[in-house]
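None of these values were measured; they are calculated from a predicted model. Side chains are part of it too, since the values below use all heavy atoms of this structure and drop only hydrogens, waters and symmetry mates.
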Amino acid sequence: GHRSYRQRTGVGRDHGSRSEAAGNRFGHQRLLEIQVLDHGLFHADPHPGNLVVDDDSILTFLDFGLMGRVTPDMRDTLEGIFVGVIFRDADMVARTIYRAGSAEERVNLRDLSSDVEVLIDRWGGTSFDEQDTSRIAQDILDLAKRHRLKLPEEYAILARTEVTLDGIARGLIPDWDPMEAVKPYA
């Protein structure tokens, strides 16, 4: 049979106090942080049918048929991109993406950095609750492809997982701002 993974969320079945849950750092970023940064594995199919929150605010992941693996180098890459975006450092993000990919041909880092800056400006122009995380993830993947950088497939799987968890988190805590919540980790 399939195993389950349980984590205290701060949100009960009735969704409890949304502000209390936000104070407990519930959200998709925390779920991914534990799975990716602590374990190097993540549930790659976290749709609502594979997640259960009980009355004690315990989140249980079900059905581990699709899992993603993140190596220590990939974790460093994700952290580098995250920190670069938070601090609006396009050069850092560009160098991090470049190091993560395998280049089909010579890559102009100046052009890559310029394109990253355009994306950071676009993302920075809206509040996080108005942003489309699937678009952000796709922007990064498209950027790498446009500059002929082939990223490991696990990044695309992780991006799809993040998009699903983002939708779930926003449903539970509509006013929650994950960018503010995770800034201390940058």
When rounded to the nearest 0.5 angstrom, what is the spacing between [atom1] in [X] and [atom2] in [Y]?
X	Y	atom1	atom2	result
R69	T71	CZ	OG1	10.0 Å
L78	L158	CG	CG	5.5 Å
N50	L62	CG	CG	6.0 Å
D89	I81	CG	CD1	12.5 Å
R160	L141	CZ	CG	9.5 Å
R122	E117	CZ	CD	13.0 Å

Tell me yes or no: between the side chains of H147 and D115, is some donor less than 3.5 Å from an acceptor?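 Present: a donor and an acceptor within the cut-off.
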
Side chains of [X] and [Y] in contact at under 4.5 Å (non-hydrogen atoms):
X	Y	value
D45	H47	yes
L149	K145	no
P46	T161	yes
L112	L143	yes
Y155	I140	no
V83	M92	yes

With sequence neighbours excluded, what pairs up with D73 under the side-chain hydrogen bond (donor to acceptor under 3.5 Å, both in side chains) test?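 Scan of D73 (side-chain hydrogen bond (donor to acceptor under 3.5 Å, both in side chains), adjacent residues dropped) gives none.
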
Under a 3.5 Å distance rule, please check whether E154 uses its side chain to pair with a backbone N or O of V70 as donor and acceptor.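 Not a single qualifying donor-acceptor pair exists.
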
Where is the tightest heavy-atom contact between V93 and I120, given as atom of each residue plus distance?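 Residues V93 and I120, closest heavy atoms: CG2-CD1, 4.3 Å.
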
Minimum-distance pair of heavy atoms, taken over all atoms of A44 and I157: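 For A44 and I157, the tightest heavy-atom pair comes out as CB-CG2, 3.6 Å.
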
Does atom CZ of R146 have more than 12 heavy-atom neighbours from other groups under 6.0 Å away?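 More than 12 heavy atoms, drawn from other residues, nucleotides or ligands, come within 6.0 Å of this atom.
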
So F61 and H43, would you call those rings parallel, tilted or perpendicular, with 30° and 60° as cut-offs?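 Answer is tilted, since the angle falls between 30° and 60°.
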
Transitive ILVMFWY side-chain link L51 to L41, under 4.5 Å: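 L51 and L41: one cluster.
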
Quick one: do L119 and L109 end up in the same hydrophobic cluster if we chain Ile, Leu, Val, Met, Phe, Trp and Tyr together by side-chain heavy atoms under 4.5 Å apart?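 Yes; L109 is reachable from L119 via cluster members.
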
